[in-house]
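Before any comments, here is the structure.
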There are 2 protein chains.
Amino acid sequence: MLLQFFKALAHESRLRLLGLIAAREHSVQELAALVALKEPTVSHHLAMLREAGLVSLRQDGNTHWYGLEHKTLSRLSRSLLARDQLEALAGTKPPRSSDDRMLQNYLTEDGRLKAFPATLKKRRPILRWLARHFEEGRTYSEAEVNETIERRHHDRETFRRELIAHKMLARKDGSYWRLPESGWVG
Amino acid sequence: MLLQFFKALAHESRLRLLGLIAAREHSVQELAALVALKEPTVSHHLAMLREAGLVSLRQDGNTHWYGLEHKTLSRLSRSLLARDQLEALAGTKPPRSSDDRMLQNYLTEDGRLKAFPATLKKRRPILRWLARHFEEGRTYSEAEVNETIERRHHDRETFRRELIAHKMLARKDGSYWRLPESGWVG
DNA sequence: TGTCTAATTAGATAGTTGTCGAATTAATGG
DNA sequence: CCATTAATTCGACAACTATCTAATTAGACA
């Protein structure tokens, strides 16, 4: 979603169009004249802005009036300020394996866990996903481990315990580190 | 430079990189491994993010640590909320004055300075251009001034001095701020 | 000095996106 | 229905961007 938003605004013509629309509603013809592009081109840009939820369409007769969607703009710009939100972007990889597709059902838009299923079969890919958020070859304090987990789910105790039980994380003298995937249980 | 900001974020790889960097500082190698791209590619993306002021570079030995620039992010996302700002986008026209055309010869495609001419007559429009990259109504630390200059030219000392000599920038107690254009010398 | 490592820059290529003219759809009114 | 007007969709081409490998730069160290 966020990517679509940025793509929509990452072109001078579209920024200009949005600027005009922000001032008041405009028809396609008007916009084409104002930005010196042909109507099909403008139509194409407007479709992208609309797809991103930035403008809305009101039809009267056969002229189309495009107006600004304030809500989208304020919602998205606000979400940029939330640090967690931003970090969640890192996990935006296209899902491939069936595990990944399964996982998708348990993740929110912003890369947090919605729930933790009861069956072991479903829990394993989730733990793998979580374990991969730890870097290999460094140690973590317990506080850091908790922090890393809590960025994805509030129940740090359960997940810390499970990660260790599945040999994804190891602990010694209060220090933690990630174990190689080859040895993971599950 | 709102367009630059959006362009920088309008690509999945760069969003991912920014997400990783938001969590903590990373080196180019780390990032390349994490997003599964080659180092030159990552380097290229980082340059764009840096150009947009979204990340900063801290060099230690010969590894480069990239970190998040919270300020830029919050400043720009806030400016999206300001309606006026948005409407102003409509007026983004290509430059045409004779100064602007002169300036064009000294700028690279990506908006950096190729050279700094010897004659005062030619130097003035360049300094004006540079000074406009500072915001009015806020103060900058010396580090921030350097960073802003270096985004356009490596010789921060010369330009900092010249900006002050032409009364475009003022300094007091180690803080800098932009002066109104009406008072600029040249 | 020479070597090693990390990063950047250059150059090539493949993929994506912006723009246009032509053809098509949709609404309105004789 | 047919003509008119506004908008969208289609197909082609040009411009731009992402990515790679190879070459270069810069720091550390011995």
Side-chain angles (χ1 to χ4, degrees), chain A residues 3-18 20-21 25-52 54-67 89 92-94 137, chain B residues 3-18 20-21 25-52 54-67 92 94 108-114 150-155:
Chain A
L3 178 57
Q4 191 177 32
F5 166 72
F6 288 125
K7 279 192 171 175
L9 294 178
H11 195 273
E12 189 182 338
S13 305
R14 284 192 295 271
L15 272 187
R16 281 236 278 287
L17 289 170
L18 195 69
L20 290 164
I21 291 172
E25 281 192 336
H26 284 275
S27 71
V28 178
Q29 288 197 324
E30 286 175 343
L31 292 170
L34 287 166
V35 302
L37 291 173
K38 300 298 172 181
E39 289 184 36
T41 306
V42 171
S43 201
H44 171 239
H45 287 315
L46 290 173
M48 296 179 77
L49 290 173
R50 203 150 84 90
E51 186 66 25
L54 287 164
V55 303
S56 58
L57 172 57
R58 179 177 68 82
Q59 190 161 355
D60 177 35
N62 58 1
T63 96
H64 295 185
W65 297 98
Y66 284 88
L89 297 179
T92 311
K93 222 177 284 182
Chain B
L3 178 57
Q4 192 176 31
F5 166 71
F6 288 124
K7 280 193 170 174
L9 294 177
H11 195 273
E12 191 182 337
S13 304
R14 283 191 296 269
L15 272 188
R16 281 234 279 288
L17 290 170
L18 195 69
L20 290 164
I21 291 172
E25 281 192 337
H26 284 275
S27 71
V28 178
Q29 287 198 323
E30 287 176 342
L31 291 170
L34 287 165
V35 302
L37 291 172
K38 301 296 174 184
E39 288 183 38
T41 307
V42 171
S43 202
H44 171 239
H45 286 315
L46 290 173
M48 295 178 79
L49 290 173
R50 200 151 88 90
E51 185 65 25
L54 286 163
V55 304
S56 59
L57 170 58
R58 179 177 69 80
Q59 189 162 354
D60 177 34
N62 57 1
T63 94
H64 294 185
W65 297 99
Y66 284 89
T92 310
T108 63
E109 288 290 299
D110 60 341
R112 289 179 60 86
L113 264 177
K114 278 186 274 199
E150 280 179 335
R151 219 170 280 142
R152 277 102 204 169
H153 196 283
H154 71 274
D155 188 355

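In what follows, every heavy atom counts, from backbone to side chain, and hydrogens, waters and symmetry copies are set aside. A note on names: the letters A, B, ... follow the listed sequences, proteins ahead of strands, and every chain is numbered from 1.
At the phosphate of dT8(D), OP1 or OP2 sits under 4.0 Å from a side-chain N or O atom of Tyr66(A). Between dT19(C) and Ser13(A), a contact under 4.0 Å exists linking OP1 or OP2 to a side-chain N or O. Residue Lys7(A) places at least one side-chain N or O closer than 4.0 Å to OP1 or OP2 of dT17(C). Note on Thr41(B): every side-chain N or O is 4.0 Å or more away from OP1 and OP2 of dT19(D).
To the nearest angstrom, C1' of dT17(D) lies 19 Å from CZ of Phe6(B). Between the CG atom of Leu46(B) and the C1' atom of dA18(D) there is a distance of 14 Å, rounded to whole Å. Atom NE2 of His44(B) and atom C1' of dT21(D) are 16 Å apart (whole Å). The distance between atom CG of Leu17(B) and atom C1' of dT19(D), rounded to the nearest whole Å, is 13 Å. Between His11(A) atom NE2 and dT17(D) atom C1' there is a gap of 12 Å when expressed in whole angstrom units. In this entry the distance linking CD of Glu39(A) with P of dA26(C) reads 17 Å, nearest Å. In this entry the distance linking CZ of Arg58(B) with C1' of dG27(D) reads 15 Å, nearest Å. Rounded to whole Å, atom C1' of dT25(C) lies 10 Å from atom NE2 of His64(A).
Note on His45(B): only backbone sugar-phosphate atoms sit closer than 4.0 angstrom, heavy atoms only; bases stay farther off. Among the protein residues, Thr63(B) comes within range of the sugar-phosphate backbone only, with heavy atoms under 4.0 Å from sugar or phosphate atoms but none that close to a base.
The side chain of Leu37(A) has dC20(C) as its nearest neighbour among dT19(D), dA6(C), dC20(C). With dT8(C), dT19(D), dT19(C) as the candidates, the nucleotide lying closest to the side chain of Pro40(B) is dT8(C).
When each of Val28(A) and Lys38(B) is assigned the nucleotide of DNA chain D bearing its nearest heavy atom, the one mapping closer to the 5' terminus is Val28(A). Projected onto DNA chain C by closest heavy-atom contact, Arg14(A) and Gly61(A) fall at different nucleotides, the more 5' of which corresponds to Arg14(A).
Put simply, the side chain of Asn62(B) and the base of dT5(C) share a donor and an acceptor less than 3.5 Å apart.
Under the 3.5 Å distance criterion, the side-chain polar atoms of Arg14(B) are left unmatched by any main-chain donor or acceptor of His45(B).
Around CD of Gln4(A), the count of heavy atoms belonging to other residues, nucleotides or ligands within 6.0 Å exceeds 12.
Within the 4.5 Å cutoff, no side-chain heavy atoms of Leu17(A) are placed close to those of Tyr66(A). At least one side-chain heavy atom of Leu31(A) sits less than 4.5 Å from a side-chain heavy atom of Leu46(A). A 4.5 Å side-chain heavy-atom check between Leu54(B) and Leu9(B) finds at least one atom pair inside the cut-off.
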